[in-house]
Structure formats: structure tokens, C-alpha cells
Amino acid sequence: MADVAIIGGGPAGLAAAVYTARADQETLVFDKGDGTTRDVDWMENVYGFPEGASGPELVDVGQEQATKFGAEIVEEEVVQVGEEGNGYGIETEVDEYAVEGVILATGASYESPAIKDVDDYEGGGVSYCVECDAFFYQDAPVAVVGAGNYAAKEAMMLLDYTDDVRILTNGKTVEIDDALLERLAEEGIELIEAPADRIVGDDVVEGVELKSGDVIDVEGVFVALGAAGGTDIADMLGIPRDGDYLDVDGEQYTGVDRVYAAGDITGGQRQVNVSVGEGTTAAINLLEDFRGGEYVDYKKIEA
């Protein structure tokens, strides 16, 4: 019997592990090593890294800090979670574990568009995060791939960096609210509904070729198709969710006793800093569930 199972070893999960391990709770972090943070080449907006950092570097230092305080990284894939006595049973592909509380931090896997060669240009013009990468496309022509409200909101956000924005629905039915459609029209953001065929360019994105043969000249392509991940575990535990995201309150509580969730799986901003904060919040509130009363983890500097 361990105290805490944290499912997911990205920024949210490792931040939570630092808190639970420092509070002398036996903490297991289940991480098979395939989180999306590891796929990020470079970030310049992460607190504490003024020169920037790669995704793998952030995971490595997070693991170092969490394990320093006693957390254990379990490199196994969780396949089943269920209630077991007064706690929860965690089943992986190789073993079984019993814990008292759970923090879900599985992240979200980003859906790739059905466009040829799109994966070849990740880091070379194709991005899944406007807030992360829009800075690099100031005053440049860009496109957002998607057909829903998420794509519309990402396109509107890009206007802070460039006026040359369009949305490619890739032949999908437009599912954007009327109010957002009006805003897109007011801002001059074109909706291109023709199916796309492939990304064009030598080493970096230079355009998107449509099935018709026409080429839309852009330097950046931002994918906004939604996200999925961790929902199977949520369904096993009866956690309410909104589509592919778990429905949590301001304390990161899922509504299931001693089960919290943090990071991309809860929706919202897909930022490392946000995930770290949510992981911290989830851990503190789980610790308060365990012990009762307010959790305090700091020392005042003597005057």
C-alpha cells in the first residue's frame, strides 16, 4: 500500500509529486515516458529558465526534484484503476498497486490533421500551441487547422502577433458559434473549407497545398483539433467530463473521493506553468484530505 498514485509524469504530475513526497507520503509516479512535453524542442516562457529549455530537460529536472524527496518513478503503463477497500487499485501491464489517493495528470495527446507530411514539419512551422509559438510568426502569414470554436479562438489569439490569419477546416463541417463567426468576419479572418492535401516547403513550412492544387502561402500552421487522453481512466472511476477533458473544480477535485486531476487533461491553457500550478493545487488539496486542516509548506525569512 502506497499513499499516492500520480498517473502521468509531465510537469503537472511531477510538480504534484514534489509536494506529496515532501509531505512524507509514499508517492508513485506512473510514467512510461511518452508524454507530450518530451516532444517539445524548445520553450522560452517557462518560469525559472531565462535562457529557455527543452521538453526533455524539464521532465528530467522534474524527476530529479521529485525523486530527491522520495517519489518513485514507475515506468509502467496504467491499464486499470478502480476502488479497492478504502482506497484504489492501480493495475499496470506488469503489476498491481494499492494506494489511498490518486492524481490524474495524463496530459492530452494532440490530434494530428489528415494532411500529408504534417508531422515532418513539427518544429519547422507546424505547432500545436499558439501561446507557445505565435511569437515566432510576428507579421507572418499563418493558418489554423480546425473547424470548431477552439480553432476560432486560436485564430483570434494569433491576431496579437500578425494580421495575416486564416482558418483551414480541411473539408470538415464548420462548428463555430455564430458570435465567433461574426468576430472572425469582423477581423478579416478567412475560412477556407476546401480539403487540404499536404504541407509544402523545403526544410520549413512555405505553404499548404489544397486538393484542388491551389497553394495557400503561409509560414506557420497551428493545429487546433482538440485533445484526448486519460478519459478511459476517468470513465473507470465515474469522473464527470466534458468531451475529452475532465470536469474539475477550483481545487482540481474530480468529485470522486481523494481523486484529483491536473494539467492538460483538465482543458484550459496548455502551458507548462499552468500545469505546474494545477499539479501543486491538486497535491495540496489531496494532502489536506489525508490530514485535515490547512497544508503549509514554507518558512518565513527572519527579519
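By convention here, the first residue in the shown sequence is residue 1. Computed from heavy atoms alone, side chains included, the values below leave out hydrogens, waters and symmetry copies.
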- [ ] Side-chain contact test, heavy atoms from C-beta onward, threshold under 4.5 Å: evaluate it for E206 versus E219 and give yes or no.
- [x] no

Open item on the list: For L159 and E187: C-alpha separation, side-chain torsions, deciding distance, then whether side-chain contact (heavy atoms from CB on, under 4.5 Å) applies.
Closed with: CA-CA 9 Å; L159 292 175; E187 297 292 348; 3.6 Å; yes

Task: E76: side chain to side chain donor-acceptor pair (under 3.5 Å) partners, not counting sequence neighbours - done: T92, Y97

Open item on the list: My understanding is that a hydrophobic cluster links ILVMFWY residues whose side chain heavy atoms are under 4.5 Å apart, including indirect links. Using that, what else belongs to the cluster containing V61?
Closed with: V40, M43, V46, F49, L58, V272, V276

- [ ] Measure the CD-CZ distance between Q65 and R22 for me, rounded to the nearest 0.5 Å.
- [x] 9.0 Å

Task: Same cluster (ILVMFWY, side-chain, under 4.5 Å), F30 and V81 - done: yes

TODO: Quick one: closest heavy-atom pair of A262 and A282, and the distance?
DONE: CB-CB, 4.3 Å

- [ ] Heavy atoms only: give me the nearest Y128-P113 pair and the separation to one decimal.
- [x] OH-CD, 3.9 Å

- [ ] Report yes or no: do V223 and V208 belong to one cluster of Ile/Leu/Val/Met/Phe/Trp/Tyr joined by side chain heavy-atom distances under 4.5 Å?
- [x] yes

- [ ] Could you tell me which residues satisfy salt bridge (Lys or Arg N to Asp or Glu O under 4.0 Å) with R258, sequence neighbours excluded, listed by chain and number?
- [x] none

Open item on the list: Enumerate the side chain to side chain donor-acceptor pair (under 3.5 Å) contacts for residues 165-181, please, sequence neighbours excluded, ordered by first and then second residue.
Closed with: N149-D177, D164-R166

Open item on the list: Going by the rule side chain to side chain donor-acceptor pair (under 3.5 Å), which residues pair with D133 if we only count those two or more places apart in sequence or in a different chain?
Closed with: S127

Task: Ring centre gap for Y19 and F69 strictly below 6.0 Å - done: no

Task: I6 vs V4 side-chain heavy atoms within contact, under 4.5 Å - done: yes

- [ ] With I7 as reference, evaluate D31, V29, V102, V74 under the side chain to side chain contact (heavy atoms under 4.5 Å, CB included) test and give the passing residue.
- [x] V102

Open item on the list: With side chain to side chain donor-acceptor pair (under 3.5 Å) as the rule and sequence neighbours excluded, what pairs involving residues 42-55 come up?
Closed with: N45-Q271

TODO: With sequence neighbours left out, write down each residue that passes side chain to side chain donor-acceptor pair (under 3.5 Å) with T281, or none if nothing qualifies.
DONE: none

Open item on the list: Is any side-chain heavy atom of L210 closer than 4.5 Å to one of I216?
Closed with: yes

Task: Exercise: identify the closest heavy-atom pair between A234 and L246 - done: CB-CD2, 3.3 Å

Task: Reported CD-to-NZ distance for the pair E64 and K68, which is rounded to 0.5 angstrom - done: 8.5 Å

Task: Residue pair A155 / L184: nearest heavy atoms and the distance that separates them - done: CB-CD2, 4.4 Å

Task: Full working for side-chain contact (heavy atoms from CB on, under 4.5 Å) between Q63 and L14 - done: CA-CA 6 Å; Q63 286 188 348; L14 292 171; 4.0 Å; yes

Open item on the list: Nearest 0.5 Å, please: how far is CG in D289 from CG in D257?
Closed with: 7.0 Å

Open item on the list: For the CG atom on D163, are there more than 12 heavy atoms of other groups (residues, nucleotides or ligands in this structure) within a distance under 6.0 Å?
Closed with: no

- [ ] Taking N285 for its side chain and E251 for its backbone only, find out whether a donor-acceptor pair lies under 3.5 Å.
- [x] yes

TODO: Not counting sequence neighbours, which residues clear side chain to side chain contact (heavy atoms under 4.5 Å, CB included) with Y121? List them please.
DONE: D117, V126, I199, V205

TODO: Locate the shortest heavy-atom distance separating A261 from I265; write the atom from each residue and the value.
DONE: CB-CG2, 4.5 Å

- [ ] Please report the C-alpha distance between E72 and T27 in whole Å, then the side-chain angles of each, then the deciding distance to 0.1 Å, and finally whether the side chain to side chain donor-acceptor pair (under 3.5 Å) criterion is met.
- [x] CA-CA 6 Å; E72 179 184 351; T27 300; over 6 Å; no

- [ ] Answer yes or no: is there a side-chain heavy-atom contact under 4.5 Å between L181 and L191?
- [x] yes

Task: Parallel, tilted or perpendicular, as decided by the 30° and 60° cut-offs, for the rings of Y260 and Y253 - done: tilted

TODO: Kindly write out the residues that satisfy salt bridge (Lys or Arg N to Asp or Glu O under 4.0 Å) with R198, not counting sequence neighbours, or none if the list is empty.
DONE: E209

Open item on the list: Going by ring-ring contact (aromatic ring centres under 6.0 Å, His included), name the residues that satisfy it together with Y88, two or more places apart in sequence or in a different chain.
Closed with: none

Task: Side chain proximity check, T67 to I73, heavy atoms < 4.5 angstrom - done: yes

Open item on the list: For Q252, give me all partners under side chain to side chain donor-acceptor pair (under 3.5 Å), at least two apart in sequence or on another chain.
Closed with: none

Open item on the list: Between Q138 and T162, do the side chains contain a donor N or O and an acceptor N or O under 3.5 Å apart?
Closed with: no

Task: CG (N86) with more than 12 external heavy atoms under 6.0 Å - done: no

Task: Spacing of T254 atom OG1 and D249 atom CG [to the nearest 0.5 Å] - done: 8.5 Å

- [ ] Report yes if the side chains of I167 and V174 come closer than 4.5 Å at any heavy-atom pair, otherwise no.
- [x] no

Task: Same apolar cluster (I L V M F W Y, side chains within < 4.5 Å links), I115/V130 - done: no

TODO: Could you tell me whether a side-chain N or O of T20 sits under 3.5 Å from a main-chain N or O of A283, the two making a donor and an acceptor?
DONE: no

Open item on the list: Quick check: is V200 connected to V145 through a chain of hydrophobic side chains (ILVMFWY, heavy atoms under 4.5 Å apart)?
Closed with: no

- [ ] Take K211 and D197 through the salt bridge (Lys or Arg N to Asp or Glu O under 4.0 Å) test and state the conclusion after the steps.
- [x] CA-CA 5 Å; K211 296 282 190 182; D197 183 40; 3.7 Å; yes

TODO: Say whether F136 and V165 are linked into one hydrophobic cluster, either directly or through other cluster members, by side-chain heavy-atom distances under 4.5 angstrom.
DONE: yes

Task: Shortest non-hydrogen separation from A134 to L158 and the atoms involved - done: CB-CD2, 3.7 Å

Task: Heavy-atom neighbours of D203 CG exceed 12 at 6.0 Å - done: no

Task: Nearest-0.5 Å distance that lies between atom CZ in F135 and atom OH in Y161 - done: 8.5 Å

- [ ] Report the C-alpha distance between V78 and I90 in whole Å, list the side-chain angles of each, state the deciding distance to 0.1 Å, and finish with yes or no for side-chain contact (heavy atoms from CB on, under 4.5 Å).
- [x] CA-CA 7 Å; V78 174; I90 310 291; 3.9 Å; yes

TODO: I would like to know whether D217 and V215 meet side-chain contact (heavy atoms from CB on, under 4.5 Å); could you show each step before the answer?
DONE: CA-CA 6 Å; D217 294 326; V215 176; 3.8 Å; yes

Open item on the list: For the backbone of E26 and the side chain of D3, can you confirm whether one donor and one acceptor N or O come within less than 3.5 Å of each other?
Closed with: yes

Open item on the list: What's the separation between atom CD1 in I176 and atom CZ in R183, rounded to the nearest 0.5 Å?
Closed with: 12.0 Å

TODO: Mind checking salt bridge (Lys or Arg N to Asp or Glu O under 4.0 Å) for E77 and listing every partner two or more places apart, or none if nothing turns up?
DONE: K32

